[in-house]
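See below for the structure under consideration.
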Amino acid sequence: MAKLRKAVLPVAGLGTRVLPATKVIPKEMLPVFDRPALQYVIDEAAAAGIEHFVFVTGRNKGAIEDYFDSAFELDATLHAKGKTALLDELRALLPEAGRCSFVRQQAPLGLGHAVWCARDLVGDEPFAVMLPDMIMVSDPPCLAQMVTAHAQTGGNIISVEAVPPEDVSKYGIVDVGGPSGGGMKTLKGMVEKPTMAEAPSNLMISGRYILQPRIFKLLADQGAGAGGEIQLTDAMARLMGDDAFHAFEFTGRTYDTGSKIGYLEAYLALALEHPDHGSEAAAMIKAFAEKL
Ligand code: UTP
């Protein structure tokens, strides 16, 4: 089976739920404690063996491209000041030259359209899609677990996660059947942002996908769906008749940095997990809570 080499990271959305911060800062670059949200997702991709990162960017997203480049003045200053440990830390975060590609989505027409914009850079091979505003924490990381399952089953894999029934209208929701191999279940259907009555389950599509390149043909003529946007869910639902789809139920912790409260939760949780600063952060949060 072909190795999964490429991940598409759609970062062209407007991030309206986190305005005003996102007026000038891409939401994927908002710091979650000491690094941008996007860094956690890149680390997850690298741990799954991904070799090439395809960023679908848009206007006002230049900071993302700069983040994945070396910063000559900063490097020179750190070097001159003898801050070599910090310099090494920064260099270790940088993907090797030639491993990042950037393509523009000229208008934020929806996630499905953003993924379609990556078609030429992905080519004719299976690929991952990772939503960079969803930080997923587990050991082994989510995408690595999906890659292991994919080696057993092939096909298309979507990570899913249980949400409270009253929240189904915020997400893509799936209908699952029996076991399909690799510890996964057969995916029978999916619907974007259903009402509680329409929802086939309370399992949301949580932001990691392994897809076959056939999806690009369907995305090419996919009309607008929920919210007037070209939805990846709608194109996947059409492909489902012809191609195997599996639901991978993720059991780690998922933080949605795309809303203000989700961002706060991610920030606190990842500060608490930081190897150097976690205990200080815990003491600070406890002291703060006692004053409430
Ligand atoms: P979201 O729907 O969470 O992002 O898409 P958004 O549209 O930026 O957020 P709000 O609703 O206005 O607050 C999930 C991911 O898909 C990207 C986003 O950048 C985000 O990382 N996306 C979304 C695109 O790249 N293009 C789009 O047209 C839509």
Side-chain angles (χ1 to χ4, degrees), residues 7-32 36-42 44-45 53-65 67-68 100-119 121-122 127-136 142-143 158-161 163 167-173 190-194 204-209 211 215-216 219-220 222-236 254-266:
V8 174
L9 297 114
V11 292
L14 297 178
T16 56
R17 286 168 295 154
V18 233
L19 279 168
T22 45
K23 190 173 170 191
V24 289
I25 306 171
K27 82 171 159 182
E28 301 81 7
M29 292 305 291
L30 291 174
V32 177
L38 193 50
Q39 182 66 57
Y40 295 93
V41 182
I42 290 293
E44 183 192 333
F53 308 99
V54 179
F55 296 92
V56 182
T57 71
R59 285 153 63 79
N60 298 328
K61 300 279 181 163
I64 295 176
E65 216 161 319
Y67 182 74
F68 292 103
C100 294
S101 297
F102 300 86
V103 62
R104 288 270 184 135
Q105 182 189 23
Q106 291 147 339
L109 300 181
L111 176 60
H113 183 260
V115 171
W116 180 72
C117 290
R119 65 198 179 284
L121 292 169
V122 169
F127 63 102
V129 174
M130 305 177 80
L131 301 195
D133 49 355
M134 302 299 268
I135 298 179
M136 299 174 74
C142 181
L143 190 65
I158 297 177
S159 71
V160 301
E161 212 166 303
V163 290
D167 285 347
V168 290
S169 61
K170 296 185 199 160
Y171 302 103
I173 299 292
M190 55 182 85
V191 50
E192 190 62 41
K193 301 189 175 64
M204 70 146 172
I205 297 176
S206 63
R208 301 291 181 266
Y209 312 72
L211 296 173
I215 194 75
F216 292 124
L219 286 170
Q222 184 62 51
E229 296 194 342
I230 298 173
Q231 298 288 355
L232 179 59
T233 310
D234 294 340
M236 292 190 302
T254 298
Y255 303 110
D256 179 359
T257 66
S259 71
K260 288 180 184 174
I261 291 299
Y263 174 68
L264 176 64
E265 185 189 20

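Both ligands and their constituent atoms are indexed starting at 1 by order of listing. Numbers here are sequence positions counted from 1. Since the model is a prediction, treat every value here as computed from it, not as a measurement.
Ligand 1 has a nitrogen or oxygen under 3.5 angstrom from a nitrogen or oxygen of Gly15. Residue Val18 has no N or O atom closer than 3.5 Å to an N or O atom of ligand 1. Between Glu229 and ligand 1, no N or O atom pair is found at a separation short of 3.5 Å. In terms of polar-atom proximity, Pro10 is counted as a contact of ligand 1, with an N or O under 3.5 Å from an N or O of the ligand. Considering backbone and side-chain atoms alike, Lys61 places every N or O at 3.5 Å or more from each N or O of ligand 1. Between Gly258 and ligand 1, not a single N/O pair is under 3.5 Å apart. Inclusion of Gly110 in the set of residues having an N or O under 3.5 Å from an N or O of ligand 1 is warranted.
Remark: the backbone N or O of Met130 is not paired with any side-chain donor or acceptor of Glu44 at under 3.5 angstrom. A donor-acceptor distance shorter than 3.5 angstrom exists from the side chain of Lys61 to the backbone of Val11, with no hydrogens or angles considered. Side-chain atoms of Gln222 never come within 3.5 Å of backbone atoms of Gly112 as a donor-acceptor pair (strictly under, hydrogens ignored). Judged by distance alone, the side chain of Tyr67 and the main-chain N or O of Gln39 form no donor-acceptor pair under 3.5 Å.
A donor and an acceptor atom, one from each side chain of Ser159 and Ser206, are located under 3.5 Å apart.
Atoms of ligand 1 found under 4.0 Å from any heavy atom of Leu109 (numbered from 1 in listed order, with element): 28 (O). Ligand 1 places these atoms under 4.0 Å from at least one heavy atom of Ala114: 24 (C), 25 (O), 26 (N). Remark: ligand 1 atoms within the under-4.0 Å shell around heavy atoms of Pro108 are 28 (O). Taking every non-hydrogen atom of Pro132 and a distance limit under 4.0 Å, the qualifying atoms of ligand 1 come out as 21 (O).
In this structure, atom 14 (C) of ligand 1 lies nearest to the protein heavy atom Asp133 OD2, 3.9 Å. With hydrogens left out, the protein atom closest to atom 18 (C) of ligand 1 is Gly13 N, 3.6 Å, a heavy atom. What sits closest to atom 2 (O) of ligand 1 on the protein, heavy atoms only, is Arg17 NH2, 4.2 Å. Nearest protein heavy-atom neighbour of atom 12 (O) of ligand 1: Thr16 OG1, 2.6 Å. The nearest protein atom to atom 25 (O) of ligand 1, hydrogens excluded, is given as Ala12 N, 2.8 Å; this is a heavy-atom distance.
For the pair His113 and ligand 1, no heavy-atom separation below 4.0 Å is found. Heavy-atom separations between Lys27 and ligand 1 include at least one value shorter than 4.0 Å.
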Exercise. Does the pair Met136 and Glu161 meet the rule for a side-chain contact (heavy atoms from CB on, under 4.5 Å), with working shown?
Worked result: CA-CA 11 Å; Met136 299 174 74; Glu161 212 166 303; 4.1 Å; yes

For this session: Would you please test Val115 and Phe127 for side-chain contact (heavy atoms from CB on, under 4.5 Å) and show each step?
Result: CA-CA 11 Å; Val115 171; Phe127 63 102; 4.1 Å; yes

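Of all the heavy atoms in Leu143 and Ala45, the pair that sits closest is CD2-CA, 4.2 Å. The heavy-atom pair separating Ile205 from Met236 by the smallest distance is CD1-CE, 4.3 Å.
Of the residues Thr257, Asp133, Thr22, the one that meets the side chain to side chain donor-acceptor pair (under 3.5 Å) test with Lys27 is Asp133.
For Gln105, every heavy-atom contact with ligand 1 shorter than 4.0 Å involves the side chain, none the backbone.
Contact annotation: the side chain of Met134 approaches that of Arg208 to within less than 4.5 Å [non-hydrogen atoms, C-beta and beyond].
If you look at Phe68 and Phe102, their ring centroids are not closer than 6.0 Å.
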